Amino acid sequence: MDPQYNHEKFESNIYKEWEKSGAFAPTGNGKPFTIIMPPPNANDPLHIGHARFVAIEDVLVRYHRMKGEPTLWLPGSDHAGIETQFVFEKKLSKDGKSRFDYDRETLYKMIWDYVQDNTGVMESQLKKLGASCDWSRFKFTLDPEIVKVVYGIFKKLYDDGLIYRGERIVNYCPRCGTAYSQLEMDSVERDDNLYYLDYGTVTIATTRPETIFADVAVAVSPKSKKYANLVGKTAKIPLINRTVPVIADNLVDNEFGTGALKITPAHDATDFEIGQAHKLPLISVIDEKGRMTGTPEKYIGMKVLEAREEVVKNLEGAGLLVKTEKIHHTVSTCYRDHGLLEPTVSKQWFVKVDSLAKNSLKAIASKKVNFPADKYRKIAVNWLKNLKDWNISRQIVWGMRIPAWRCQKCMEWTITDGSTPEKCSSCKHTTLTQDEDRFDTWFSSGQWPFATLQTTKEGDFEKFYPTTVMNTGYDILPIWVVRMLMLGIYATGKVPFETVLLHGLVRDKDGLKISKSKGNVINPIEMTEKYGADALRMGLLWGGLVENDIALSEEKINGQRKFANKVWNVARFVTQNKSANLQMSKSINEDDKWILEELKKTTHEVTKSLDEYRLNEAAKEIYEFIWNKFADIYIEKVKLPYNKEQNKISVREGAGPVLYHILDSTLRLLHPFMPFVTEQIWKEMGNKDFLITSSWPAH
RNA sequence: GAUCGCUUGGCUCAGCUGGUUAGAGCGUCUCGUUUACAUCGAGAAGGUCGGGGGUUCGAAUCCCUCAGCGAUCACCA
């Protein structure tokens, strides 16, 4: 053994040997331990957040594998609809092109090829980190068999009356050309003008005067005394002199502006709601490109902001602009291109979430799903109680095309499980056109736990579902975990996972959020090359609970590299003093008894901490045992003074077998955390089998 | 406005269902080490556990309150 541990010399080779040995495939009988990996985007390299879940999940998987449980860690990759299309479009624009230069089929094919070109990077990086997942069961979210499952569930939801096509106000991005869900928006604070406009009988305040042409009412608060006698009368839209009714609604804030609100259901979410409640018509004056339409001639074709300027000018000219105030408020922006979103009414496919959410709440209440960190249980419950119907259609090309066909005669929809229908299910007409929309990525990934297991190997679903642990970042609890719960229970009648282990974000050494603009990005592959995968993994688990954000510094990773080297040298010392007979003598002394007792305690504590998902505690226990007890105390005590004649150091009579036994056990305990260095030492000790498939010490 | 958190030595964090002198890593200081490892060892300094109140034989831990900080969601006409 070299005096120093050199990770570069061993890591890739060890991984290949594990892979070749078939160690990653589940074996044995009994209750299985299953983790479905949250699939990283197929076209992106891994970031430090991925490395954290690898560290967490691999520790759990290796631990349970060593305990002899049939252990499956199923890897996969995600097509990440909007994300990927957005990245691809940025690439196109560098070449001076845009997606509008291609038809849908061509664009889809181009993105498919692009993803194929990049796929493999992510897999090789997972291997570098030591992920002991079963590659033979790898799935991509657009694999035909996965798509088939998703279509089947869509059809089932439709047949059960849980899918409807609704006209709703959606957050529409005129640049991306698609609507987004409740969860896919950002917001930004800014200063705007609040215009007070004369509506004849009443003055209203608005930030969007260009939408007055789409007004269908003026609403006031029912609590308002000032306006009480106006309700039921009319107001007059300036510039076009159309009269609209004055209504009362609780959603109106009597304190804001003049206390009177113009109602524009087609271009504002609150107004839409009020419009629905009062059965008001919808008038739209902005088209899908963000240009004015259906307004007086002069504004048609103008962009929204141009029209606003022009309308204000005209209002002022007509003496109908009462006053202008500054207002500081928050506006919704596209989470992709950060431009303004346009609330727009359009037809989208929706999932009725009510019954799905109720069943999920039941599963949580009855502990069929557990949250080791109670705070996340509370958050999940809160979300499930407040979910709104889920818009699952996206106007993009990258993703699963929705299996819905519209009859060109009766205009009714025919839903299938993916196959092209021969005729309309309503009127039997044979000319049908498939909807161009794609599913929201989360609609398909919400089915990931069962869709994967149902399509891997015969019997997998029956054996490994419900899965044991779902581990992912807390940031996607509402968007993903909650939906997997709803769809999993709906599709299979069982929860998709028994334990939801959410992890925190990786932050920089000062606890600041990592971002490209801050320049504090930590590249996991760079860290692995520099310090070793073991050190990075340990650094990601060290000093913080799984559920909390952690501050990661290079010093911390380097500290763990030192630990790997310490373990290496402990092993070097032990193997150099290996006695011929490894049988422990019955007459061991006090020191021997002490270290054996400490090992026993450590084994117990590590096991307990792992079972409770307190990986940081487990890591600390084994670290302290090896360094502070085994190396600093026990080895120092059994070491005999340097022997000049033999030119070597030796150990006290009878200590050899104890040293060997302790090393053997500590390697087993440390292996889930630092798989590479422990496996290499295991080999150096002369073991013929692999440490990865050896057994967990008795505890 | 709603929900969920956080506040422990210079820094980053543990401290599980309340129970001996509150711990770790890094950092700092002193000393040592040709002989497993300088990717080392021995030792030291450093904390009124955010403030206040309460429950208890006993509180970093439970309850109330105040202050500061953060995350997510909603609203913002």
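Bear in mind the structure is a predicted one, so any value in this text is a computation, not a measurement. Here is how names work: the chains are called A, B, and so on, in the same order as the sequence lines, proteins then strands, and each is numbered from 1.
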For [N], which nucleotide in any strand shown is its Watson-Crick or wobble partner with both distances under 3.5 Å?
N     : result
B/G1  : B/C73
B/G43 : B/C29
B/A67 : B/U7
B/U55 : none
B/U34 : none

Less than 6.0 Å separating the ring centroids of A/F563 and A/W542?
no

d([atom1], [X]; [atom2], [N]) in whole Å:
X      : N     : atom1 : atom2 : answer
A/D271 : B/C75 : CG    : P     : 12 Å
A/K566 : B/C40 : NZ    : P     : 7 Å
A/I479 : B/C73 : CD1   : C1'   : 13 Å
A/N616 : B/U12 : CG    : P     : 17 Å
A/R208 : B/C76 : CZ    : P     : 12 Å
A/N386 : B/C73 : CG    : P     : 13 Å
A/L540 : B/U12 : CG    : C1'   : 14 Å
A/I204 : B/A77 : CD1   : P     : 12 Å

For residues 546-567 of chain A, the salt bridge (charged side-chain N to carboxylate O under 4.0 Å, His left out) pairs (sequence neighbours left out) are A/R507-A/D549, A/K530-A/E554

Which pairs count as side chain to side chain donor-acceptor pair (under 3.5 Å) when at least one residue sits in residues 242-255 of chain A, sequence neighbours excluded?
A/D249-A/H278

Does the side chain of A/D592 come under 3.5 Å of the side chain of A/Y634 through a donor N or O and an acceptor N or O?
yes

Would you say the side chains of A/T211 and A/K262 form a donor-acceptor pair under 3.5 Å?
yes

Nucleotide nearest A/Q4 (side chain, heavy atoms from C-beta), chosen from B/C76, B/A36, B/U39:
B/U39

Out of B/C76, B/G41, B/C73, minimum distance to the side chain of A/W383 belongs to B/C73

How is [X] classified with respect to the nucleic acid when contacts are heavy atoms under 4.0 Å: base, sugar-phosphate, or nothing?
X      : value
A/T207 : sugar-phosphate
A/A631 : base
A/L545 : sugar-phosphate
A/L194 : sugar-phosphate

Roughly how far, to the nearest 0.5 Å, is [atom2] of [Y] from [atom1] of [X]?
X      : Y      : atom1 : atom2 : answer
A/I633 : A/F625 : CD1   : CZ    : 10.5 Å
A/I56  : A/R537 : CD1   : CZ    : 11.0 Å
A/Y623 : A/L541 : OH    : CG    : 14.0 Å

Nearest-angstrom distance, [atom1] atom, [N] to [M]:
N     : M     : atom1 : answer
B/A24 : B/G15 : C1'   : 10 Å
B/U8  : B/C69 : P     : 15 Å
B/U20 : B/C26 : C1'   : 29 Å
B/U21 : B/G58 : C1'   : 16 Å
B/A44 : B/G52 : C1'   : 36 Å
B/G18 : B/G25 : C1'   : 27 Å
B/U17 : B/U61 : C1'   : 10 Å
B/G47 : B/G10 : P     : 8 Å

Nearest heavy atom decides the nucleotide; on that basis, is A/N569 or A/I633 closer to the 5' end of RNA chain B?
A/N569

In chain order, what residues pass the side-chain hydrogen bond (donor to acceptor under 3.5 Å, both in side chains) check against A/N548, with sequence neighbours excluded?
A/K375

Taking side-chain hydrogen bond (donor to acceptor under 3.5 Å, both in side chains) as the test, write out the residues that go with A/D354, two or more places apart.
A/K358

Does a salt bridge link A/R377 with A/D374, judged by any charged N lying under 4.0 Å from a carboxylate O?
yes

Salt bridge or not between A/E597 and A/K629? Use side-chain N to carboxylate O under 4.0 Å.
no

Can you name the salt bridge (Lys or Arg N to Asp or Glu O under 4.0 Å) partners of [X], sequence neighbours left out?
X      : result
A/D191 : none
A/K601 : A/E598
A/D2   : A/K9
A/D192 : A/R190

Nucleotide N/O to protein N/O under 3.5 Å, stretch nucleotides 2-9 of chain B:
unit_1: B/G5; atom_1: OP1; unit_2: A/K378; atom_2: NZ; d: 2.5

Close approaches to RNA chain B from residues 248-264 of chain A, in residue order (heavy atom, under 4.0 Å)
A/V252, A/D253, A/F256, A/L261

Could you run through nucleotides 23-29 of chain B and give me one letter per nucleotide, 5' to 3': B if any protein heavy atom sits under 4.0 Å from the base, S if only the sugar-phosphate is that close, - if neither?
-SS----

Any protein N or O atoms within reach of nucleotides 16-19 of chain B? Criterion: under 3.5 Å, listing atom names and distances.
unit_1: B/C16; atom_1: O4'; unit_2: A/R614; atom_2: NH1; d: 3.4
unit_1: B/C16; atom_1: O2; unit_2: A/R614; atom_2: NH1; d: 3.0
unit_1: B/C16; atom_1: O2; unit_2: A/R614; atom_2: NH2; d: 3.2

